[in-house]
Amino acid sequence: ARDIYSQFEDQFGIAQSVKGLGDVFNMRDEYSKAEECYIQARDIYAQIGYQLGFAQSVKSLAEIYHMQSEYSKAEESYIQSRDIYSQIGDRHGFAQSVKGLGDVYNMQGNYAKADESYNQARGIFSTIGSQLGIANSVQGLAVIHSAQGEYAKAAELYLEARQIYHRIGDLHSLANTLLLLSSLHHEQAHYGEAKRLVREASTLYGELGMEEDVARCSEALDEFVD
């Protein structure tokens, strides 16, 4: 029995290392290398029957496919991870997978399905007390309402997300939300408010040392039409 356990431990350790390496490649935007690692980790977790690791690897693959605009593969992987998280009773992983599906449907312009996914994810995140999850889901809803020209509803949702990000101290997400809110005002020809929000976002990016984003804000301000 000890030999079997030792074999499991060895394979488990390898899978964890490979999955971690995939995360590093992912952060470096080296998506093909990340994909290779996640597939390897997924297959090892499948061999040893470790469902959580399998689900995490599949969800990471979904994120990689999403980043590369491979939406069909991303949808398939998010559905697979969602179903496994459901089987093992991991509500946080389940909610993250559902939120990911919302992002994919949003990018495909399937707003009805995106709305359903974001609302489902928000409900689960609320139940388990994940403020970040709630804010991300609410922001997703804001994006799809904005895309459909429902500006008042979108603004209301962006403000809700902004308040949560501010409360939990997620300055990066807060700055991103300010930029999205700025775009919403710009589309409605509220140029003064749009500029103010871009400057506020730029200040936050500056505090975080995110110089590329500061430069992006400067470019946005230069392009404003008064």
Pairwise distance CD1(Ile84) to CD1(Ile79) - rounded to 0.5 angstrom:
12.0 Å
Quiz: residues 151-158 side-chain donor-acceptor pairs under 3.5 angstrom, not counting sequence neighbours:
{"from": "Tyr151", "atom 1": "OH", "to": "Glu187", "atom 2": "OE1", "distance (Å)": "3.2"}

So, do Asp213 and Leu208 sit near enough that their side-chain heavy atoms are less than 4.5 Å apart?
no
Donor-acceptor side-chain pairing of Tyr71 and Asn110 below 3.5 angstrom:
no
Are Lys59 and Ser77 packed together at the side-chain level, in the sense that at least one heavy-atom pair is separated by less than 4.5 angstrom?
no
From CA spacing to verdict: side-chain contact (heavy atoms from CB on, under 4.5 Å), Asp115, His145:
CA-CA 9 Å; Asp115 186 275; His145 281 289; 3.9 Å; yes
Can you tell me if Glu76 has over 12 outside heavy atoms packed within less than 6.0 Å of its CD?
no
Would Tyr165 and Asn176 count as having a side-chain donor-acceptor pair, cut-off 3.5 Å?
no
Tell me whether Ser126 contacts the main-chain N or O of Arg122 through its side chain, where contact means a donor paired with an acceptor under 3.5 Å.
yes
Glu193: what forms a side-chain hydrogen bond (donor to acceptor under 3.5 Å, both in side chains) with it, not counting sequence neighbours?
Arg196
Looking only at atom types and distance, does a side-chain atom of Gln148 sit under 3.5 Å from a main-chain N or O of Ile144, one as donor and one as acceptor?
yes
Please work out whether the ring planes of Tyr45 and Tyr50 are parallel, tilted or perpendicular, with thresholds of 30° and 60°.
tilted
Minimum side-chain heavy-atom gap Arg167-Ile164 below 4.5 Å:
yes
Residue pair Met210 / Val214, side-chain heavy-atom distance below 4.5 Å:
no
Euclidean distance, Ile124 CD1 relative to Asn119 CG, rounded to 0.5 Å
11.0 Å
Tyr105 versus Asp103: any side-chain heavy-atom pair under 4.5 Å?
no
OG of Ser146 to CD of Gln188: how many Å apart, nearest 0.5 Å?
8.0 Å
Near Gln108 CD, under 6.0 Å, is it more than 12 heavy atoms from other residues, nucleotides or ligands?
yes
Leu204 side chain near His172 side chain, heavy-atom distance below 4.5 Å:
no
In terms of hydrophobic clusters joined by side-chain contacts under 4.5 Å, are Val58 and Phe94 together?
yes
Ser130 side chain to Phe125 main-chain N or O, any donor-acceptor pair under 3.5 Å?
no
Could you check Cys217 against Arg199 for side-chain contact (heavy atoms from CB on, under 4.5 Å), going step by step and ending with a plain yes or no?
CA-CA 7 Å; Cys217 289; Arg199 290 192 186 102; over 6 Å; no
Distance in Å, Lys73 NZ paired with Glu35 CD, rounded so as to fall on 0.5 Å steps
5.0 Å
Is there a side-chain contact between Tyr38 and Val18 in this structure, where contact means two heavy atoms from C-beta onward sitting under 4.5 Å apart?
no
Side chains of Tyr118 and Asn136: is there a donor and an acceptor less than 3.5 Å apart?
no
Assess whether atom CD of Glu116 is packed by more than 12 heavy atoms of other residues, nucleotides or ligands within 6.0 Å.
no
Look only at the side chain of Ser202 and the backbone of Val198, and say whether a donor-acceptor pair between them is shorter than 3.5 Å.
no
For residues Leu179 and Tyr205, determine if any side-chain heavy atom of one lies less than 4.5 Å from a side-chain heavy atom of the other.
yes
Carefully, step by step, assess Arg162 and Leu197 under the rule side-chain contact (heavy atoms from CB on, under 4.5 Å).
CA-CA 12 Å; Arg162 183 175 73 173; Leu197 288 163; 4.0 Å; yes
Is there any side-chain hydrogen bond (donor to acceptor under 3.5 Å, both in side chains) pair reaching into residues 78-92, and which pairs are they, with sequence neighbours excluded?
Ser81-Ser97
